Amino acid sequence: MTGAISRSFISETSDGSVSKLPAESSGEAAVSAESSGGNVLLLVKTAILLEWVRIFVPRNVTRSDTFWWLAHVAMALSITSNLAFLFVTIFHCSLVQMFWKPWLDGQCVPYYPVDVVSGSFNLLMDLVILIIPQRRILAIAYGEA
């Protein structure tokens with residue numbers, strides 16, 4: 001096969017032996033790992049916000065409480081942005097297979113700006129999630145609760 005590109009990746013199995021994976025399977029694993037990492041972070045952020053709502057919002061005051069609304073808006077923004085970035089990650093090339101087979105013909109959107117926007121938005125959401133409960137925590141610390 002003259003001119004063919006042969007790529008493989010070495011992986012270690014559970015029993016300690018080493019095996020070669022074809023580029024196709026390791027590329028699919030890379031797509032899966034990249035998309036699942038963001039999904040795990042989304043689940044963690046949502047769990048934190050739901051736990052804080054359970055702790056800081058009395059049961060009889062749910063929808064009239066500002067904290068309840070801020071937490072749910074933060075959850076909605078995190079979920080929608082994560083889904084948007086997931087679709088951009090998966091479909092940033094005209095052929096999805098180009099992510100793990102870069103030698104195929106097709107075009108890809110430059111991914112660096114997507115990474116910058118995604119990282120910036122996630123940092124902003126992390127700060128919002130950190131700031132939301134501060135008033136309640138300070139009220140508890142100073143005995144105003």
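Quantities reported herein were computed from a predicted structural model and do not represent experimental measurements.
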About how many Å separate [atom2] of [Y] and [atom1] of [X], when rounded to the nearest 0.5 Å?
{"X": "Gln107", "Y": "Asp105", "atom1": "CD", "atom2": "CG", "result": "10.5 Å"}
{"X": "Leu130", "Y": "Ile48", "atom1": "CG", "atom2": "CD1", "result": "10.0 Å"}
{"X": "Asn60", "Y": "Asp65", "atom1": "CG", "atom2": "CG", "result": "10.0 Å"}

| message | Taking ring pair (Phe, Tyr, Trp, His ring centres under 6.0 Å) as the definition, give me every residue that meets it alongside His72, ordered by chain and number, with sequence neighbours left out. | response |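 Expected list: Trp68.
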
| query | Taking only residues two or more places apart in sequence or in another chain, which ones pass ring pair (Phe, Tyr, Trp, His ring centres under 6.0 Å) with Phe85? | reply |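 Phe85 satisfies ring pair (Phe, Tyr, Trp, His ring centres under 6.0 Å) with no other residue.
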
| request: For Gln97, check side chain to side chain donor-acceptor pair (under 3.5 Å) against everything at least two apart and list the hits. | output: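 Checked Gln97 against side chain to side chain donor-acceptor pair (under 3.5 Å); zero matches.
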
Within one Ile-Leu-Val-Met-Phe-Trp-Tyr cluster: [X] and [Y], side-chain cutoff 4.5 Å:
{"X": "Val73", "Y": "Leu43", "result": "no"}
{"X": "Ile131", "Y": "Met75", "result": "no"}
{"X": "Val128", "Y": "Ile137", "result": "yes"}

Which atom pairs, one a donor and one an acceptor, fall under 3.5 Å between side chains of residues 51-58 and the rest of the protein, sequence neighbours left out?
| from | atom 1 | to | atom 2 | distance (Å) |
| --- | --- | --- | --- | --- |
| Glu51 | OE2 | Arg54 | NH2 | 2.8 |

For [X] versus [Y], what's the shortest heavy-atom pair and its separation?
{"X": "Tyr111", "Y": "Val88", "result": "CE1-O, 4.2 Å"}
{"X": "Ser94", "Y": "Gly106", "result": "OG-CA, 3.5 Å"}
{"X": "Leu49", "Y": "Ala74", "result": "CD1-CB, 3.9 Å"}

| task | Please list all pairs passing the salt bridge (charged side-chain N to carboxylate O under 4.0 Å, His left out) test where one or both residues lie in residues 119-133, with sequence neighbours left out. | result |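 Every pair satisfying salt bridge (charged side-chain N to carboxylate O under 4.0 Å, His left out) with a residue in residues 119-133: Lys45-Asp126.
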
| Is the side chain of Ser118 donor-acceptor paired with the backbone N or O of Val114 at a distance under 3.5 Å, no angle test? |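 Judged by distance alone, no pair lies under 3.5 Å.
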
Side chain to side chain contact (heavy atoms under 4.5 Å, CB included) partners of [X], counting only residues at least two apart:
{"X": "Phe87", "value": "Phe91"}
{"X": "Leu41", "value": "none"}
{"X": "Leu42", "value": "Thr46, Ser78, Ile79, Asn82"}

| query | For Tyr112, which fellow cluster members are found when Ile, Leu, Val, Met, Phe, Trp and Tyr are connected by side-chain heavy-atom distances below 4.5 angstrom, either directly or through intermediates? | reply |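 Val116, which link up through side-chain heavy atoms under 4.5 Å apart, make up the rest of the cluster.
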
| message | For Gln134, is the CD atom crowded, meaning more than 12 foreign heavy atoms sit under 6.0 Å from it? | response |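 It does: Gln134 CD has more than 12 such atoms within range.
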
